[in-house]
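Chain letters run A, B, ... following the sequence lines, proteins first, then strands; residues in each count from 1. Small disclaimer: the values here were computed from a predicted structure and weren't measured. Side-chain atoms are counted along with the backbone in the values below, which use heavy atoms only and exclude waters and symmetry mates.
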Protein chains: 2
Amino acid sequence: MTFKTLEWHDNALHLLDQRALPSRVAMIPCRTVTEVAEAIRNLTVRGAPAIGVAAAYGMVLAVNDPALGGALDRAAELFKSTRPTAINLAWAIDRMMRVANTSTPLERRVLRSMLEREAITIHEEDAAMCRKIGEHGAALLRDGMTILTHCNAGALATAGIGTALGVIYTARDQGKTLRVFADETRPVLQGARLTMWELMQEGIDATLITDNTAASLFGAGKIDAVIVGADRIARNGDVANKIGTYNLAVLAAHHNVPFYVAAPQSTFDPNIATGAEIPIEERSGSEVTTIGATRIAPDNCQVYSPAFDVTPNELITAIISDTRILPGGRFTKA
Amino acid sequence: MTFKTLEWHDNALHLLDQRALPSRVAMIPCRTVTEVAEAIRNLTVRGAPAIGVAAAYGMVLAVNDPALGGALDRAAELFKSTRPTAINLAWAIDRMMRVANTSTPLERRVLRSMLEREAITIHEEDAAMCRKIGEHGAALLRDGMTILTHCNAGALATAGIGTALGVIYTARDQGKTLRVFADETRPVLQGARLTMWELMQEGIDATLITDNTAASLFGAGKIDAVIVGADRIARNGDVANKIGTYNLAVLAAHHNVPFYVAAPQSTFDPNIATGAEIPIEERSGSEVTTIGATRIAPDNCQVYSPAFDVTPNELITAIISDTRILPGGRFTKA
């Protein structure tokens with residue numbers, strides 16, 4: 001990768017400001033719990049695995065944060081409240097709290113050092129999980145395929161090469177030539193702003209489409225596989241991911257095109273039986289009605305803007321994880 | 001309606017500038033063939049029936065347009081080249097040319113008067129067709145239904161109350177309370193900018209969603225029917241309409257929700273056997289990569305932006321026209 005999504009040095013978490021991409025490439029340092037929480041909330045950093053890693057480093061900063069007086073549980077609660085759907089965030093925070101609670105009382109300096117080590121471990125594990133997902137998924141792709149992806153499940157969404165896009169990078173590194181269509185992914189346009197930027201940085205043949213265009217490509221037989229990421233996976237294999245993912249799963253099933261979800265173990269929630277139990281974040285209507293300085297809808301118009309949807313397992317061909325490929329409930333001829 | 005989409009007076013075609021909506025309500029006068037053609041091309045006026053009526057008035061202006069020297073066939077060719085997919089445009093031009101060619105040589109003043117009468121007839125017929133479509137379609141809607149629509153097939157797209165939205169207005173006038181979800185309809189956002197504005201003007205309970213959100217509403221059982229317009233209908237009943245329409249047809253079929261197309265006779269093309277023969281306009285990638293002053297994708301990124309897609313008749317429950325309701329190839333339990 002030619003860029004770092006997040007870095008930890010000089011007692012600060014440095015985040016690539018994803019709100020400014022693709023116009024501007026800038027790192028933003030976060031030195032307090034409030035700064036990290038706000039960066040997660042305002043989408044400076046986004047993507048389920050990446051916000052898990054960011055929150056882990058946020059817990060390191062919590063130890064010496066004067067605003068908290070060392071109350072790590074308050075920091076944990078704050079981070080968990082920023083984005084409710086992605087489970088990786090809660091998973092990372094719980095790991096950090098288990099370390100903090102291992103042996104008490106700890107000297108603050110020792111505690112910080114132990115938490116820093118755990119956060120770095122989570123960071124490195126995430127990068128390693130991306131590599132394993134890439135290896136597993138690349139085996140499913142053949143030379144010459146055209147892949148459709150949604151939102152950004154790339155290096156920008158993780159601390160490694162990405163999940164869905166990691167599969168594409170790994171296949172490319174194996175010598176396979178792939179073509180990618182990227183849904184722009186309204187309302188926040190992660191596909192247009194982030195996935196296109198990332199794929200172009202990596203030299204992948206990528207074409208931007210509106211979310212409305214995907215169906216016509218399926219209809220014309222131009223899509224060979226769909227690969228997306230995930231924000232949370234229930235015990236029955238239902239997948240919560242960026243709004244519009246369920247749409248693609250229905251289209252893929254209708255056109256008999258394989259539909260793959262790429263996600264690390266940290267995205268699986270053992271406490272959730274089915275997708276119906278996954279909390280879905282609703283975001284502000286202003287993300288829909290305003291783009292930059294341009295108002296695109298009437299004043300006071302009603303807006304419904306869930307950030308995620310749930311794809312039932314029966315529409316999924318397979319879930320590509322770091323440990324294995326789990327067959328989904330759908331069987332295709334592909 | 002509280003507004004006029006187009007008006008003919010003082011030897012000029014006055015168009016409601018749909019590029020400026022919803023921020024600004026302004027009429028633009030067009031006095032030459034070039035001005036009308038440019039207004040059609042740049043989407044000042046849009047919607048298959050409305051551009052047919054606009055082009056008919058443009059042919060009246062052609063008679064005295066010094067740039068043409070009375071060459072009506074050149075004006076006809078110019079108008080037909082502005083937007084290739086909607087057939088109403090060619091249909092209206094052909095009607096105007098038949099009048100022009102009825103008896104030659106005509107005095108220019110007489111010719112202009114005959115053409116003006118024909119354009120006004122086309123205009124009035126369009127309004128009447130909308131009313132009939134409204135009556136036919138409203139019979140299909142029950143009190144309390146929630147309707148999903150795409151793009152703008154309303155008063156702004158016609159010279160009357162609209163096609164898809166005309167059905168909703170007529171049902172409302174019959175005392176039925178309906179709720180409407182409007183897809184924003186990327187890239188040109190006709191749903192956000194035009195349909196929401198129009199529905200709010202008419203006091204209809206309307207909620208804006210991104211195109212990505214429709215699938216989750218279907219999944220939650222919240223959509224009772226889909227109604228869209230059409231730009232061209234082939235002999236076998238395949239329908240070309242705004243990009244994303246085919247997507248909704250697949251979703252509607254998957255969720256067993258009726259999918260209706262509302263369109264006047266002028267949208268049916270007797271010269272086209274199936275949807276595969278309908279020419280699909282591709283528009284500039286800049287409509288995708290730039291919104292207002294905001295660039296939302298990397299410089300030099302590849303974009304694929306067809307303006308329309310084709311929905312096969314087997315996914316259509318019924319086509320609601322001004323003459324009758326034509327059953328489509330899909331049978332639903334609804």
Greatest number of heavy atom pairs closer than 4.5 Å to chain A - which of B/D309, B/L199, B/T294, B/I291: B/I291

Specify the closest pair of heavy atoms between B/P22 and A/A297, including all atoms of both residues, with the distance to one decimal. CG-C, 3.5 Å

Measuring from A/I296:CD1 to B/E184:CD, what's the distance to the nearest 0.5 Å? 5.0 Å

Flag the pair A/T213 / B/S305 as yes when at least one side-chain heavy-atom distance between them is below 4.5 Å, and no otherwise. no

Straight-line distance of A/Y304 OH to B/L217 CG, nearest 0.5 Å: 6.0 Å

If you tally heavy-atom pairs under 4.5 Å against chain B, which of A/T185, A/D205, A/L251, A/N247 wins? A/N247

Is the shortest side-chain heavy-atom distance between A/D211 and B/T210 below 4.5 Å? no

To the nearest 0.5 angstrom, please state how far the CE atom of B/M196 sits from the CG atom of A/D299. 11.5 Å

Atom NZ of B/K222: over 12 foreign heavy atoms under 6.0 Å: no

Separation between CZ (B/R193) and CZ (A/R295), nearest 0.5 Å, reads 13.5 Å

Examine whether an atom of B/M200 lies under 4.5 Å from a heavy atom of chain A, and if so say whether it belongs to the side chain, the backbone or both; otherwise answer neither. side chain

Stepwise side chain to side chain contact (heavy atoms under 4.5 Å, CB included) test for B/V303 and A/I209: CA-CA 6 Å; B/V303 182; A/I209 56 172; over 6 Å; no

Check whether B/T207 gets within reach of chain A through its side chain, its backbone, both or neither, counting any heavy atom under 4.5 Å. both

Is chain A contacted by the side chain of B/P298, its backbone, both, or neither, given a heavy-atom distance below 4.5 Å? both

Please round to the nearest 0.5 Å and tell me the distance separating atom CD1 of A/I243 and atom OG of B/S216. 3.5 Å

Would you mind telling me which of A/G285, A/G191, A/C301 has the largest number of heavy-atom pairs within less than 4.5 Å of chain B? A/C301

Contacting moiety of A/T245, where chain B heavy atoms sit under 4.5 Å: neither

Between the side chain of B/N212 and the main-chain N/O of A/R186, is any donor-acceptor distance below 3.5 Å? yes

With a 4.5 angstrom heavy-atom cut-off, which part of B/D183 approaches chain A: side chain, backbone, both or neither? neither

